[in-house]
Amino acid sequence: MSLAEKIQKDLVDAMRAKDELRLSVLRGIKAAIKHKEVEKMHALDEPESLQILQTLVKQRKESIDQFTKGNRPELAAKETKELAMIEAYLPAGPSDAEMDGAITKAIAGSGANSIKQMGAVVKAAKAALEGKTVDGKALSDRVRDRLSKLG
C-alpha cells in the first residue's frame, strides 16, 4: 500500500470514528501532497511524499518551540499531538550508532579534515542514511562537532 493510499484509508477511518483532530491532520497532509502534485504537474513518488511529510514535521516542531516560548501550552500540546500523527507515516529514524557510522564513513570517503568540507560530509552522510528519516539539523550539528575535533 502506497503512502497516499494509506493516508486516504486512515482519512476515511477518522471520518467514521469522528476523530476531528486526526481528520484535520490527515486532510492537511493530503492537501500538502496534492498542492505539490499540482505544482510539479505529475503524481509524486514515495521519496517526494516523504519529503513533504518531513517538511510538515519541521513546521510542527518550529510551532511547538514558538508556542512554548510564547507561554501558550495549550497550542503547543495540540501541535505535539499533530506531530506524533504525522511522524507515524515516516520511516524510522537512524540510531545514534548508525548516524555516527555514516558520518565516519562520509569523512573517510571525502577525505575531510576541516570544517570547510562540512557540506560534502553532510551530503555523503545523508546519502548513506537514505531511506531513513534524518533530521538535517541534528546531522549537521554532529558533523560540525566531529570536524571541529579533527581540525
Side-chain angles (χ1 to χ4, degrees), residues 1-110 118-147:
M1 181 183 297
S2 75
L3 182 63
E5 291 168 345
K6 183 167 176 31
I7 290 170
Q8 181 61 38
K9 180 188 169 300
D10 290 349
L11 184 81
V12 171
D13 291 345
M15 281 183 200
R16 287 184 180 139
K18 295 186 179 8
D19 186 348
E20 292 299 323
L21 180 63
R22 186 167 185 74
L23 184 61
S24 170
V25 170
L26 291 170
R27 281 182 174 155
I29 291 171
K30 194 170 178 190
I33 291 172
K34 191 68 175 170
H35 179 74
K36 191 57 103 172
E37 284 177 347
V38 169
E39 187 179 297
K40 291 195 171 214
M41 293 191 280
H42 67 80
L44 300 181
D45 57 5
E46 289 293 310
E48 289 173 318
S49 296
L50 290 175
Q51 184 64 44
I52 291 170
L53 289 180
Q54 288 173 332
T55 301
L56 294 174
V57 164
K58 185 177 178 184
Q59 289 172 349
R60 294 308 184 282
K61 286 181 178 177
E62 289 171 356
S63 295
I64 290 167
D65 185 45
Q66 291 298 317
F67 288 141
T68 305
K69 286 180 182 174
N71 199 22
R72 297 295 305 267
E74 70 284 352
L75 294 174
K78 180 181 179 279
E79 292 288 326
T80 304
K81 289 176 189 170
E82 290 181 9
L83 176 65
M85 288 179 203
I86 296 169
E87 285 179 333
Y89 293 99
L90 290 172
S95 67
D96 288 345
E98 288 174 313
M99 254 178 136
D100 289 338
I103 292 169
T104 302
K105 198 165 131 185
I107 290 172
S110 65
M118 186 175 149
V121 175
V122 170
K123 189 174 181 180
K126 262 192 180 169
L129 294 169
E130 183 135 1
K132 300 207 180 268
T133 305
V134 180
D135 181 6
K137 184 176 179 344
L139 180 65
S140 63
D141 288 346
R142 282 178 178 232
V143 169
R144 182 179 298 113
D145 186 49
R146 288 280 280 287
L147 289 176

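Starting from 1, each residue takes its place in the sequence as its number. Side chains included, hydrogens not; waters and symmetry mates left out as well; all remaining heavy atoms used.
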Checklist outcome for this item: So CG of Leu26 and CG of Asp10: to nearest 0.5 Å the spacing works out to 6.0 Å
Checklist outcome for this item: Distance col, row His35:NE2 vs Ile52:CD1, nearest 0.5 angstrom, shows 9.0 Å
Next on the checklist: I'd like to know if Asp145 and Arg142 make a salt bridge, using a cut-off of under 4.0 Å between side-chain N and carboxylate O.
Outcome noted: no
Checklist entry - When rounded to the nearest 0.5 angstrom, what is the spacing between OG1 in Thr133 and CG in Leu90? => result 4.5 Å
Checklist entry - Is the side chain of Glu48 donor-acceptor paired with the backbone N or O of Asp45 at a distance under 3.5 Å, no angle test? => result yes
Checklist entry - Measuring from Arg27:CZ to Ile29:CD1, what's the distance to the nearest 0.5 Å? => result 13.0 Å
Next on the checklist: Please determine whether side-chain contact (heavy atoms from CB on, under 4.5 Å) holds for the pair Ile103 and Leu139, giving the CA-CA distance in whole Å, both sets of side-chain angles, and the decisive distance to 0.1 Å.
Outcome noted: CA-CA 8 Å; Ile103 292 169; Leu139 180 65; 3.9 Å; yes
Checklist entry - Can you name the nearest heavy-atom pair linking Ser140 to Met118, along with the distance? => result O-CE, 3.4 Å
Next on the checklist: Just so I know, are the side chains of Gln8 and Leu11 near enough to count as touching, which here means a heavy-atom distance under 4.5 Å?
Outcome noted: yes
Checklist entry - Closest heavy-atom contact between Ala76 and Ile64? => result O-CG1, 3.9 Å
Next on the checklist: Taking the basic N atoms (NZ, or NE/NH1/NH2) and the acidic carboxylate oxygens, is any pair closer than 4.0 Å for Lys61 and Asp65?
Outcome noted: no
Next on the checklist: Any carboxylate oxygen within less than 4.0 angstrom of a Lys/Arg side-chain nitrogen, looking at Arg72 and Glu74?
Outcome noted: yes
Next on the checklist: Counting C-beta onward and ignoring hydrogens, is there a side-chain heavy-atom pair between Lys132 and Glu98 closer than 4.5 Å?
Outcome noted: yes
Checklist entry - Are the side chain of Ser24 and the backbone N or O of Glu20 linked by a donor-acceptor pair below 3.5 Å? => result no
Checklist entry - How about Arg146 and Thr104: do any of their side-chain heavy atoms sit closer than 4.5 Å? => result yes
Next on the checklist: To the nearest 0.5 Å, what is the distance between CG on Asp135 and CG on Leu129?
Outcome noted: 12.0 Å
Item to check | Within 6.0 angstrom of Glu130 CD, more than 12 heavy atoms from elsewhere | outcome: no
Checklist entry - For Glu46 and Ser2, which heavy atoms make the closest approach, and how far apart are they? => result OE2-CB, 3.5 Å
Checklist entry - So which heavy atom on Met99 is nearest to which on Ala138, and how close? => result CE-C, 4.2 Å
Next on the checklist: For Ala106 versus Ala125, what's the shortest heavy-atom pair and its separation?
Outcome noted: CB-N, 3.7 Å
Next on the checklist: So that I can tick it off, tell me whether Lys78 and Glu82 are bridged by a salt bridge, with the cut-off set at under 4.0 angstrom between side-chain N and carboxylate O.
Outcome noted: yes
Item to check | Val57 vs Arg60, side-chain contact (heavy atoms from CB on, under 4.5 Å): CA-CA, chis, key distance, verdict | outcome: CA-CA 5 Å; Val57 164; Arg60 294 308 184 282; 5.8 Å; no
Item to check | Minimal non-hydrogen separation, Ile86 against Leu53, with atom names | outcome: CG2-O, 3.9 Å
Checklist entry - CD/Glu39 to NZ/Lys34 distance, rounded to the nearest 0.5 angstrom? => result 13.5 Å
